[in-house]
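Here's the structure we're looking at; comments come further down.
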Amino acid sequence: MIATAIALGLAGLAALYFHLTRNFDYWQKRGVKHDKPWPLFGNNAKNFFMLANLTDITAEAYRKHPGEKIVGSFKYSAPELVIRDPALAVQILTDSTHFHRRGANPKNFAIDPLLKNLFSVDDDLWRLLRSRMTTAFSSGKLKAMFPLILERTERLQNRLQNIAIQNKLIDARTLMEQYTIDVIGAIGFGVNSDSLSGENTAFRQLGIKMNTHNFIRTLKLNLKYSLPKIFGHLKILHEIEREVMCMMKTLMQQRNNEPSGRNDFIDMLLECKKKGAMTGESIVEVDADGNPKKVSIEMDDEIMAAQLFILFAAGFESSSVSTSHALHQLAHNPREQQKAQEEIDRVLAKHDNKLSYDAISEMTYLRWCFNEGLRIFPTGGFLQRQCARACVIPNVNVSIDPGVNVKIPVTAFHNDPKIFPEPKEFRPERFDPEVLTVEQKLAYMPFGNGTRSCIAERLGLMQSLAALAAVLAKFSVTPVPGSPQHPPTNRERVIDVKITIAAVIA
Ligand code: HEM
Ligand SMILES: *[C@@H]1O[C@H](CO)[C@@H](O)[C@H](O)[C@H]1NC(C)=O
Ligand SMILES: *[C@@H]1O[C@H](CO)[C@@H](O)[C@H](O)[C@H]1NC(C)=O
Ligand SMILES: *[C@@H]1O[C@H](CO)[C@@H](O)[C@H](O)[C@H]1NC(C)=O
């Protein structure tokens with residue numbers, strides 16, 4: 001009796017062990033270098049126990065294997081590939097036949113309908129959404145909404161005026177979160193959120209809640225990945241789903257379900273809906289003759305709410321972190337700050353002393369400063385694609401199967417001294433096209449690359465530059481004593497800059 005139970009138990013354990021390690025010869029068979037994987041965790045134990053985020057894990061694979069173009073690893077039992085060569089990375093990112101999938105989340109739309117968003121979806125739903133939403137981010141639309149952004153930069157200046165007069169110190173991150181939430185509120189939702197005067201509007205709270213990588217959410221995600229059969233039903237976005245749905249319905253009702261002419265995201269979604277079902281050629285299915293099948297997907301409330309969610313979630317943290325990081329670096333680099341200020345003064349003098357889309361577009365050095373901030377700290381950390389159909393990775397002649405995830409270690413590229421010498425130094429001049437090398441151009445990808453690159457790159461860039469120009473036109477920033485030049489970014493909010501009224505540069 002007992003012997004049978006023990007034998008069955010052992011057989012069960014052996015079967016489980018076999019199941020969890022069944023793929024572990026995947027990279028060996030292909031002659032790809034990799035670290036030894038562990039049962040259950042693969043090479044992801046540090047992430048599972050929250051000792052390292054995925055950016056660190058991807059960067060570690062990059063650093064440990066110099067000389068390789070690709071490095072294998074295992075996320076739990078699934079084989080993954082890290083691309084170490086920038087040119088190969090761009091080749092993969094632009095290969096829309098094999099690598100149009102992001103493979104972002106284990107998706108169960110019935111459980112997490114907000115995951116039907118442009119960032120997370122794959123295949124036909126992604127293609128149809130991407131082509132319908134692209135027009136909303138054209139430069140024409142951006143110019144049309146720019147006055148709304150400029151209004152928010154004036155509020156930013158007013159707030160800083162008070163801070164400077166009272167000789168207070170502030171946290172750059174909080175400041176730029178407030179600015180960004182106001183911009184998103186205005187250009188996205190037609191909401192006058194005014195975070196810059198009130199400290200904690202409901203709108204800002206929602207933004208922070210969406211981006212909180214809290215303990216429970218990380219644990220749930222990890223469980224879903226490692227043992228999908230058992231934990232696949234866990235809901236990840238539970239807390240915010242009702243709020244987003246509710247907000248969308250209210251905003252749409254206020255407009256009687258018709259675009260209002262404000263050119264914001266709500267209008268854009270209403271316009272998308274008015275065009276009827278999204279139709280096109282399938283990128284995954286073919287008919288009997290081998291031609292792509294026709295596909296058609298309805299823009300229903302669930303899909304619209306999911307897009308509203310992602311415009312908020314993808315725009316909030318990336319923009320506020322990258323803008324505050326640039327400001328933080330400028331505080332630590334007074335020479336570069338002064339150069340930026342001289343340029344701002346010079347350009348504004350030509351433009352009637354008013355910030356405008358055209359004026360900001362002329363601020364080349366300021367753009368280099370922002371680029372350099374994103375080089376040191378690219379907010380996304382790494383990019384991911386999933387192999388959609390069997391293929392051979394070019395140059396290295398390694399075949400991979402559908403479903404294999406491919407990671408591009410952006411943070412590691414940007415901070416590799418072989419690509420960007422003395423990577424910890426803040427040097428905006430690196431982006432002077434006269435000196436930027438071909439390899440640096442390939443390796444620099446804070447907004448991603450290829451067909452799945454950031455749909456709002458221009459908007460993200462221009463709203464950040466507008467904020468930096470507004471601050472530096474009237475104020476100077478200095479580091480608060482003791483604040484390090486390279487702060488951990490998953491830090492608690494800290495006071496890190498001091499704002500003073502800028503001396504007029506003659
Ligand atoms: C400085 C600000 C921003 C940065 C650094 C940034 C960065 C990124 C990155 C790295 C990706 C992944 C690209 C890839 O996989 O190749 C991405 C995708 C995306 N971003 Fe941004 N982003 C910013 C602002 C925004 C804003 C303001 C919005 C929306 C209002 C937005 C919406 C999106 C969406 C929807 C995607 C997914 C596109 C797709 O899969 O087709 N981003 N962004
Ligand atoms: C690529 O690999 C395949 C199988 O692994 C092999 O048959 C082929 O000769 C290789 N091609 C090149 C160009 O190395
Ligand atoms: C992708 O990278 C290439 C090479 O650096 C660049 O020319 C191209 O503009 C990039 N595309 C996008 C969408 O970022
Ligand atoms: C990942 O963790 C490291 C510290 O281990 C931190 O410096 C980095 O900013 C984190 N990355 C992201 C994207 O949060």
Side-chain angles (χ1 to χ4, degrees), residues 136-165 170 172-207 247 251 254-255 259-268 308 311-312 315-316 318-320 322-324 326-327 344-345 347-363 366-367 370 456-475 477 499 501-502:
F137 292 96
S138 67
S139 57
K141 289 257 175 189
L142 178 55
K143 278 186 194 164
M145 60 171 64
F146 216 67
L148 290 171
I149 297 182
L150 292 175
E151 238 175 71
R152 267 63 199 173
T153 62
E154 278 166 32
R155 288 199 208 168
L156 178 63
Q157 288 176 331
N158 293 341
R159 179 175 148 88
L160 289 181
Q161 188 78 25
N162 285 332
I163 290 173
I165 288 169
I170 54 166
R173 174 95 167 264
T174 307
L175 180 76
M176 288 309 171
E177 262 174 9
Q178 291 170 334
Y179 164 77
T180 308
I181 209 75
D182 274 3
V183 171
I184 296 181
I187 64 174
F189 303 85
V191 182
N192 206 346
S193 78
D194 205 2
S195 281
L196 286 174
S197 37
E199 285 289 315
N200 271 320
T201 57
F203 206 56
R204 172 159 177 256
Q205 281 307 310
L206 185 61
M247 191 163 87
L251 288 168
Q254 280 172 0
R255 299 179 187 192
S260 67
R262 273 189 65 111
N263 286 314
D264 56 16
F265 295 155
I266 298 283
D267 267 9
M268 170 193 117
L308 203 59
L311 296 177
F312 201 118
F316 177 60
S318 53
S319 299
S320 53
S322 55
T323 319
S324 58
L327 196 63
I344 293 167
D345 289 350
V347 172
L348 286 183
K350 266 177 38 192
H351 287 264
D352 210 10
N353 275 317
K354 283 206 180 71
L355 277 178
S356 63
Y357 187 93
D358 292 335
I360 293 166
S361 304
E362 279 177 39
M363 296 175 183
L366 187 66
R367 197 181 68 237
F370 183 66
E457 173 167 355
R458 189 90 198 136
L459 167 63
L461 176 72
M462 290 302 283
Q463 82 178 31
S464 295
L465 292 184
L468 292 173
V471 173
L472 296 175
K474 295 204 170 162
F475 309 95
V477 283
I499 305 275
I501 294 171

query: Between L459 and K141, is a side-chain contact (heavy atoms from CB on, under 4.5 Å) present by the stated rule, with each step listed?
result: CA-CA 10 Å; L459 167 63; K141 289 257 175 189; over 6 Å; no

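- Considering only heavy atoms from C-beta on, D182 stays 4.5 Å or farther from L156 through its side chain.
- Residue V347 comes nearest to A359 through the heavy atom pair CG1-O, 3.4 Å, listed as atom of the first residue, atom of the second, then distance.
- Atom OG of S260 and atom CD1 of I266 lie 9.0 Å apart (nearest 0.5 Å).
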field: side-chain contact (heavy atoms from CB on, under 4.5 Å) assessment of Y357 paired with I149
entry: CA-CA 10 Å; Y357 187 93; I149 297 182; over 6 Å; no

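- Contact annotation: the side chain of L468 approaches that of F370 to within less than 4.5 Å [non-hydrogen atoms, C-beta and beyond].
- Separation of atoms OG (S356) and CG (L150) is listed at 7.5 Å; rounding is to 0.5 Å.
- Separating the CE atom in M145 from the CZ atom in F265 is a distance of 5.5 Å, to the nearest 0.5 Å.
- Between the CE atom in M268 and the CG atom in L308 there is a gap of 8.5 Å [rounded to 0.5 Å].
- Of all non-hydrogen atoms in T153 and A467, the two that sit nearest each other are CG2-N, 4.2 Å.
- Within the 4.5 Å cutoff, the side chain of V471 has heavy atoms near those of the M176 side chain.
- Considering OG of S361 and CE of M462, their distance stands at 3.5 Å, rounded to 0.5 Å.
- The two atoms that bring S324 and A172 nearest to each other are CB-O, 3.4 Å, heavy atoms only.
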Criterion side-chain contact (heavy atoms from CB on, under 4.5 Å) on Y179 and Q463, from CA distance to verdict: CA-CA 10 Å; Y179 164 77; Q463 82 178 31; 4.3 Å; yes

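- One finds the CG atom of D358 at 10.5 Å from the NZ atom of K350 (value rounded to the nearest 0.5 Å).
- Taking each heavy atom of T180 and F316 in turn, the nearest pair found is CG2-O, 3.9 Å.
- In this structure, D345 and A473 approach most closely via the heavy-atom pair OD1-O, 4.4 Å.
- Residues D267 and R255 meet the side-chain proximity criterion, which asks for heavy atoms closer than 4.5 Å.
- You'll find the side chain of L461 reaches within 4.5 Å of the side chain of R367, heavy atoms only.
- Within the 4.5 Å cutoff, no side-chain heavy atoms of R152 are placed close to those of I187.
- Here the side chains of L366 and L472 are in contact, with some heavy-atom distance below 4.5 Å.
- Residues A466 and L355 share a closest heavy-atom pair of O-CD1, 4.1 Å.
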- request: Could you give me the CA-CA distance, side-chain angles and deciding distance for I360 and F146, then say whether side-chain contact (heavy atoms from CB on, under 4.5 Å) is met?
  value: CA-CA 11 Å; I360 293 166; F146 216 67; 3.8 Å; yes

